[in-house]
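What follows is a short report on a single structure.
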Amino acid sequence: MSEPLPPVYDPFLTEPKWQQFWQEKGFYQADPRAPGESFSMVLPPPNVTGNLHMGHAFSFTLPDVIVRYKRMRGWNVVWVPGTDHASIAVHTVLEKQLRQEGKTRFDIGREAFLEKAWAWKEYSQGTIIGQLQRLGLSLDWSRLRFTMDPGLNRAVIAAFVRLAEAGLIYRGEYLVNWCPATQSAVSDIEVDDREVQGSLWHFRYPLTEDPSQYVVVATTRPETMLGDTAVAVHPEDERYRHWIGKTVTLPLKNRQIPIIADPYVDPSFGSGCVKITPAHDHNDFEIGKRHHLPMINILNPDGTINEAGDPLTGLDRFVARQRVVAWFAEHGLLEKVEPYTHTVPYSDRGGVPVEPLLSIQWFCDVSGMARACLQASVEDNSPRFIPERWTKVYTGWLEKIKPWCISRQLWWGHQIPAWYPIIDGQRLPDPQAFVVAETEEQAYEKARQKYGQDVTLERDPDVLDTWFSSGLWPFSTLGWPDETEDYQRYYPNSLMSTGFDIIFFWVARMTMLGTYLTGKMPFKDVYINGLVRDELGQKMSKTKGNGIDPLELLDTYGTDALRYALIKEVIGAGQDIRLPYDRTSKTSSAVEAARNFANKIWNASRFVLLNLQDKTPQSWGSPDPSWLEPADRWILSRLHSCATQVIETLETYHMGEGARLLYSLIWDDFCDWYIELVKPRLRDPDQATPRQVLACVLEQILALLHPWMPHITEEIWQRLTQANQTTSLSVQAYPQPDATLINPALEQDFALMIQVIRTIRNLRIEAGIPPGAKVPVIVQTHEHLSTLRPLQSYIQDLAKVSELSLVAEAPSVSQVAVGVAGSVQILLPLQGIVDVGSLQRKLEKDLEKIHKEISSIQSRLDNPNFVGKAPPEILEKNRHQLSELQQQAAILQQRLHHLQ
RNA sequence: GGGCGAUUAGCUCAGCGGUAGAGCGCUUGCCUUACAAGCAAGAUGUCACUGGUUCGAGUCCAGUAUCGCCCACCA
């Protein structure tokens, strides 16, 4: 136990050791039968693709602070880890691999593809789990889940069947964002808007009854004209009023299409006429529905023009675009072409523009669920968002809720449990002709009842949107739909901690599905963390390549340093944070500062351990109160008042503030002052009291800091208590502040003492006294005599004073440097030749500053409004300050006279 | 076009009614037996701008500007 510790803390030696220890001993394994109020969370499951990024490190460390705190406070804690199958992301990875082999997924088939996907998942999940463990997160690994585990698949199927049986699942025609490259519908979130330099083509559509007249319509996608079924104008637009109801002849197609009136059209933009392509544009789709226009789909799934687009059938959409333009030009119907910058939605993974495409998809009617969630939010503020302002974002989205397209034309994921009846080898024409069931046998049973004995079935090949399974995550991970012990004990979750970017996609889906399927809001609080931005304040993104690799910083500074830096150095309340980073040296000043803090703790602990004579805090026992010196009582007061505040910050999710409070307690109060104050007493090996205080304060500091820096605190605590890995700091009780030990008056006395010491140190430097030399000092004060007397030896030690005269009246000494601390006068007698000019300049400088403050306070006190209306304690404070400043001025003035 | 944030020391950020703080950086002096990843001392700010409320405003209100984010996007 007593081998000396190295003077530099090495996180790489200790961190893996404790991570392994925590895991092997199962300290974070929840026991639903154990006592304690439940505190439950599920980890937002990272995708089984790629690596952990800075956002993960940030948004997972924050809740870990809370979880570790709650555990130490005696709550029955569970934090369930897991990973997400991420249909689209995995498809991207695997299809890219296949492409390199010159193949597509269709070449190898569904089964072989899924085999590859599972293999990928095994590999990738291992990587991610390893990285999560490196962050020191106190997750319950025995409950590790994956969104495609059999149990979770069962939950997905059960949820789908329940929703279908309630009539909330249907198939419908809808404009989806279609990615021709991957031939699947993609959700809005999977679309990436890019600004593109394009053109705006203006076409003439001749009036049917008089082809010499025409309307001009503009488009950025000329090929869509093949599917035009109307031209729209604003109902009040005088220019076109008389044309409403007439028809134009669609060029190239020779189709007569009506001119309709719709308020959507902005008369001030372009010609005020809009071509309407209901099957290929979201707005046009809405207009088409309003006016019962035909919807003509002109595209094949691969992005080529279909039969409806005759005569351009078979051409790629971009080739068709050129042909259309050329045709209009040839026929004198191209009014003009303008260069035009606009945003084009690109498919994230396909890398090509998505095409709004009319197709039949599966939908979930979430309007009722959204209403229920809105009601819960408005009436009960449930769930409660932290920071609160996100509530509006959440409810705003629920108010504008749209049907949720839940089908994806992919293979990796939960295949939709729906079967189509086949009668006489034919699918029925009715799109709603399907059966939904948990198993194929049950599907047959249902189908036979509905469609007769001869029916056969064909399962829908599509998989569900990944968010469908992650929407069940807070309860599917706990065993739902079974009423398991875990589910009963830990559902609903206490807290959901995640980023604002997925409030819509994930949080809202969880609340909607959760309230509908379980009857309960899936979590009480939602903590929304900001983004980690790069050193220039920009959002880190794959496309910009400006990500900062957390693993690199972990390798350089260790886990505790990164955790602490992310939370303390840079966090605001739910605000984005910016991480200082030097790309050439791959260093971060913020993380380095946190590493230095760890090192400071390490060395302070070395000092304490060195002085404990191989005994533990427990064997030293509590100090006898009657033996405590002022310094002991002071550090205990600081410890307990700080602990009170730290607990308050944790209870209100102000983890950054808590981190800062502890920084100052440890570095300033404990290291800079208490340890220095206690050193003289430690020279006597028989002095027990300072050793007892050091031991118990250190132990409590370690416990207080543990949620932020779990590894170093565990390492030191194990040595300090000689626990010998029988238990862990992470399951010890969090320090309970004792209000009787908090002594504000004493803390004030120490503040004055510190000021006096600093003034003496400053005077020594001004007077050019060598750092090591001890000098006599006179401290003069009327009102603080009794305060400073018991602290006299501290001042003497820390200011290197040979002889300290503490007096009520100042003696007349001429050769002297003077300073003031409050109303306390400090005199440093000078020997030998003195630079009178420099002393004078310093005095004049001090005086000037004081006079400025005096006049400011004086004018305030001269204001009758202030005197009449300000609260008495403020008035008192001002008067006190004024009198103190006046005393200071008098002292300095007098000394200035003496010099002259 | 709507909504939301931010704007405080050279840099990154706290403070959110009583007259400005931290870390990094900078200056000076120290290898003082826990720590040079350190110790001590020091310099640095019309708290974006304009009004308002108030005895008193980085702190509350309104507006302006700049930056950023989200949502909706004019074909």
Tell me: [atom1] of [X] to [atom2] of [N], nearest whole Å?
| X | N | atom1 | atom2 | value |
| --- | --- | --- | --- | --- |
| A:Ile287 | B:C73 | CD1 | P | 12 Å |
| A:Tyr663 | B:C13 | OH | P | 17 Å |
| A:Asn865 | B:U54 | CG | P | 11 Å |
| A:Arg533 | B:C70 | CZ | P | 9 Å |
| A:Tyr564 | B:U12 | OH | P | 20 Å |
| A:Glu657 | B:C13 | CD | P | 18 Å |
| A:Asn878 | B:G18 | CG | P | 12 Å |
| A:Gln645 | B:G15 | CD | P | 14 Å |

Checklist entry - Distance only, no hydrogens: is a donor on one side chain within 3.5 Å (strictly under) of an acceptor on the other, for A:His280 and A:Glu355? => result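 There is no such pair between these side chains.
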Checklist entry - Any side-chain donor-acceptor pair under 3.5 Å between A:Asp262 and A:His234? => result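 Checked: A:Asp262/A:His234 side chains show no N/O donor-acceptor pair below 3.5 Å.
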Note, [X] side chain near [Y] side chain (heavy atom, < 4.5 Å):
| X | Y | answer |
| --- | --- | --- |
| A:Thr229 | A:Thr277 | no |
| A:Ser588 | A:Asp582 | no |
| A:Tyr205 | A:Val217 | yes |
| A:Leu665 | A:Ile701 | yes |

[X] near the nucleic acid: base, sugar-phosphate alone, or nothing, with a heavy-atom cut-off under 4.0 Å?
| X | value |
| --- | --- |
| A:Tyr340 | sugar-phosphate |
| A:Pro864 | nothing |
| A:Thr220 | sugar-phosphate |
| A:Val265 | base |

Checklist entry - For B:U19, does OP1 or OP2 lie under 4.0 Å from any side-chain N or O of A:Arg860? => result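 No.
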Checklist entry - Any side-chain N or O of A:Arg660 under 4.0 Å from OP1/OP2 of B:A14? => result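 So the side chain of A:Arg660 is outside the cut-off, no N or O lying under 4.0 Å from OP1 or OP2 of B:A14.
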Checklist entry - What about the rings of A:Trp602 and A:Tyr9, do their centers lie closer together than 6.0 Å? => result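 That pair passes the under 6.0 Å test.
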Checklist entry - Would the A:Phe500 and A:Trp390 ring centres measure less than 6.0 Å apart? => result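 Yes, the ring of A:Phe500 comes within the 6.0 Å limit of the ring of A:Trp390, centre to centre.
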Checklist outcome for this item: With both pairing distances under 3.5 angstrom for Watson-Crick or G-U wobble, and | for a partner in another strand, the correct string for RNA chain B is ((((((((.[[[[.)..(..]]]].(((((.......))))).....[[[[[..)....]]]]])))))))....
Checklist outcome for this item: For nucleotides 35-42 of chain B, 5' to 3', base contacts (B), sugar-phosphate-only contacts (S) and non-contacts (-) with protein non-hydrogen atoms under 4.0 Å give B-BSSSSS
Item to check | Syn/anti label of B:G42 as read from its glycosidic torsion, with the cut at 90° from 0 | outcome: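 For B:G42, whose glycosidic angle is more than 90° from 0, the conformation is anti.
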Next on the checklist: Donor-acceptor pair, distance only, cut-off 3.5 Å: does the side chain of A:Asn863 make one with the backbone of A:Ser859?
Outcome noted: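 Checking the backbone N and O of A:Ser859 against the side chain of A:Asn863, no donor-acceptor pair under 3.5 Å is found.
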Next on the checklist: By nearest atom, which of the nucleotides B:A34, B:C69, B:A75 is closest to the A:Leu610 side chain?
Outcome noted: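 Minimum distance to the A:Leu610 side chain belongs to B:A34.
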Next on the checklist: Quick check: on RNA chain B, is the nucleotide nearest A:Lys877 upstream (toward 5') of the one nearest A:Lys392, or the reverse? Name the residue that is more 5'.
Outcome noted: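 The residue closer to the strand's 5' end, by nearest nucleotide, is A:Lys392.
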